[in-house]
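Contents: one structure, followed by commentary.
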Amino acid sequence: MTALRVSRDGKWVASLERVLRKSVALTVWKTEDWSRCWTTSVIGDGLMSGGRAEFLADDRRLAVGNEWGEVTVFQTATGESMRAFTVLPGPRGINDVLSLAYVPDAGLLVVAAGYDDAHELALWNPDTGERVRELSGHQAWVADLAVSSDGRWLASASADQTVRLWNTQTWEALDPLRGHEDEVYCLAFSADGQRLISGDKQGSVRLWSVPPPKRPPTPQIVSEQYGILLLSPDSKRILTHWPGGGYAIRDMDTGQELAPVTGVGGCEGFWQFSPDGQHLLIGGPTGKVKVWDFGRNAFLEEFDTGREDETHPLLCVLGTDLVLMHHLVGDTSESSVQRRWLSPDTKRYYTLWHYDQRRLVTEFPHEGAWLQSVNLSSRGDLAVMHGDGSFSLRRITPLSAPTTFWPHRRGITDVAFTPDGSLFATAGSDGVAKLWDAATRREIVALKGHLLSTIRALAITPDGRRLATVGGGKEGVRLWDVQTHQELFNLTLGTECPGLTAIAFSRDGNKLIGQSAQGLHIWRAPSWEEIAAAEAKGKMNDQQP
């Protein structure tokens, strides 16, 4: 048996059964006494195992597709062939009719046919055999279709690893539902039409709300051509720089300039906010760190590390007084903390400082390949990403030996800790984000929503409940639930906002700010209450006549 369909009134059952290698029998049964009404061979050499049958209006007709790209309409009671039409001409086995779905209110038959570049999803009039409209959006062939019980929604499952919902009144598609890690093969609506279940090639099952919560509004571009994005620990200020211009501090909420940062010339080294967000630390080649005060709009006394090495303030830890610095000793004439072409004699090490007391807490060497970026958890776990794609994690309070591993197949691009330091997320050039247990170093889950590009940046909300991932190109920002690992929203950037390279959450977790070549982009990220309200509103709308 390759397919079964039950009529809406429950009086008829249609079965498709392969009887020979190239022959499929279509049989209709009467459920009143389970008697066989009629059997026939379907037009062509028969159906592939994915063939579909679908009852039409009033269950008086039955549509069946075959592997020749043809659909035949039979009279349910007698088996008389009423009409046949070709939906996708082409060679057998390439243009198979893979799935059918009938929308009663529209009186249209939805047909998914073909593989690879020849695939299509289209609406057909079963009474005339005329093609009415193409439903475009899927990037690969469509394996299954389903219509909700009220007829308002058509769902389509595709080999592009997404599920789409189509409004059957307008035939407009909602944003694709992402979360599957392989080709999606099957679909089913709940009886009330408020939930959609989908299954993929790996056997993974997803449950979706119908309709899904609305995505947040498109971002506001608040400035142009900024070359630096640095967010203060309290998420109130942003440091920006534009090519050929200067540096400025801007308000996180509005993007408006608060004050320029003057008298520093070009970029002398890495920049970093102090732990309390009131000062800007600017490294340089002398071992001393300049301190800019935002309240006075002037430099204070220098932070003297007591060293003569090239010094870069790397990061501070929110809620603490700790600042991590990176030092280079030797030939640093071509150096930057992120460049790989240092002299072989150049040595590197870290120092951890208590900022207010100007006190050295600990010092330890840099181990591994050239430094790409770092992050530090609130409980003292230091994460270091290396240019060779490796990743090391070590406790620095107290100091422990590093654990080094390769979490991604094609290199690591970013890391972010939850506020309590119990979990961390890594991003890879393979388009995958992973969640890890910080204590055991064990992988918890791989999040595969970005299918076509590198994940460039990560951010976790201050409450530790949501993770944002940034894809390259136009893949946009995805928002994930850290506990359930489900994708909450997909912020598709489109052509107006391509190529984000950094992202951060505001202190309350309800704003997202990103940087691209176009400037700074601010979204209002949905709160948990807003997500729940959107789902509740969707249910109410579905219940209304």
Side-chain angles (χ1 to χ4, degrees), residues 2-8 12-18 22-28 37-138 140-147 151 154-158 166 168 171:
T2 62
L4 283 173
R5 283 293 186 271
V6 180
S7 64
R8 294 169 184 80
W12 309 94
V13 173
S15 66
L16 292 166
E17 180 181 5
R18 188 177 297 278
K22 293 186 178 181
S23 179
V24 172
L26 169 63
T27 303
V28 172
C37 296
W38 52 273
T39 300
T40 187
S41 293
V42 180
I43 297 174
D45 279 341
L47 291 180
M48 299 288 285
S49 59
R52 293 293 184 265
E54 181 73 2
F55 286 96
L56 303 182
D58 300 327
D59 301 314
R60 297 177 181 177
R61 292 171 296 160
L62 177 68
V64 181
N66 67 17
E67 63 179 334
W68 290 97
E70 300 169 332
V71 173
T72 303
V73 179
F74 296 92
Q75 194 171 59
T76 303
T78 65
E80 176 187 353
S81 176
M82 304 178 66
R83 184 170 296 100
F85 51 93
T86 300
V87 298
L88 189 62
R92 171 174 161 249
I94 300 298
N95 58 342
D96 305 37
V97 174
L98 301 175
S99 187
L100 301 174
Y102 184 69
V103 183
D105 291 347
L108 297 175
L109 184 67
V110 190
V111 183
Y115 296 98
D116 302 326
D117 294 338
H119 70 88
E120 80 162 26
L121 180 64
L123 304 177
W124 291 79
N125 186 328
D127 297 326
T128 63
E130 294 179 358
R131 188 174 185 269
V132 176
R133 176 173 179 170
E134 181 181 0
L135 302 180
S136 58
H138 281 297
W141 51 277
V142 174
D144 198 14
L145 300 168
V147 177
L154 167 73
S156 55
S158 173
W166 309 79
T168 59
W171 295 109

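Every value quoted in this text rests on a predicted model; they were computed, and no experiment measured them. Numbers for residues simply follow the sequence, beginning at 1.
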Review point. Once you round to the nearest 0.5 Å, how far does CG of L56 lie from CE of M82?
Key: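 If we round to the nearest 0.5 Å, L56:CG and M82:CE are 9.0 Å apart.
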Review point. CD of E80 to OG1 of T40: how many Å apart, nearest 0.5 Å?
Key: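 Atom-to-atom, E80:CD and T40:OG1 are 12.0 Å apart.
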Exercise for review: Give the C-alpha distance, both sets of side-chain angles, the deciding distance and a yes or no for side-chain contact (heavy atoms from CB on, under 4.5 Å) between L62 and L26.
Suggested key: CA-CA 10 Å; L62 177 68; L26 169 63; 4.0 Å; yes
**Study point:** Any residue meeting salt bridge (charged side-chain N to carboxylate O under 4.0 Å, His left out) with R83, in chain and number order, not counting sequence neighbours
**Key:**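 Per chain and number, R83 pairs via salt bridge (charged side-chain N to carboxylate O under 4.0 Å, His left out) with no residue.
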Practice item. Using the test salt bridge (charged side-chain N to carboxylate O under 4.0 Å, His left out), find all partners of R60 that sit at least two apart in sequence or belong to another chain. Key: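 With sequence neighbours excluded, R60 shows a salt bridge (charged side-chain N to carboxylate O under 4.0 Å, His left out) to no residue whatsoever.
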Taking the side chain as every heavy atom from C-beta outward, state whether [X] and [Y] have any atom pair closer than 4.5 Å.
X	Y	result
V147	Y102	no
P104	R8	yes
L154	W171	yes
V13	V28	no

Do the side chain of [X] and the main chain of [Y] share a donor and acceptor less than 3.5 angstrom apart?
X	Y	result
D96	G114	no
N66	E70	yes
N125	E130	no
S158	A140	yes
D144	A157	no

**Study point:** W124/V71 under side-chain contact (heavy atoms from CB on, under 4.5 Å): CA gap, chis, key distance, verdict
**Key:** CA-CA 10 Å; W124 291 79; V71 173; over 6 Å; no
Check your understanding: Centroid-to-centroid, F55 to W12, below 6.0 Å?
Key ->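 No, the ring centres sit 6.0 Å or more apart.
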Practice item. State whether a side-chain donor-acceptor pair under 3.5 Å links W166 with S156. Key: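 S156 and W166 do have a side-chain donor-acceptor pair below 3.5 Å.
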Practice item. Please step through side-chain contact (heavy atoms from CB on, under 4.5 Å) for the pair E54 and R61, ending with a clear verdict. Key: CA-CA 9 Å; E54 181 73 2; R61 292 171 296 160; over 6 Å; no
Point to revise | V142 vs S99, side-chain contact (heavy atoms from CB on, under 4.5 Å): CA-CA, chis, key distance, verdict | key: CA-CA 8 Å; V142 174; S99 187; 5.7 Å; no
Review point. Aromatic rings F74 and W38: how do their planes relate, parallel, tilted or perpendicular, breaks at 30° and 60°?
Key: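 Plane angle between 30° and 60°, so tilted.
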**Study point:** Positive for side chain to side chain contact (heavy atoms under 4.5 Å, CB included) with V110, one of V132, L121, L100, T168
**Key:**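 Answer to the side chain to side chain contact (heavy atoms under 4.5 Å, CB included) test with V110 among V132, L121, L100, T168: L121.
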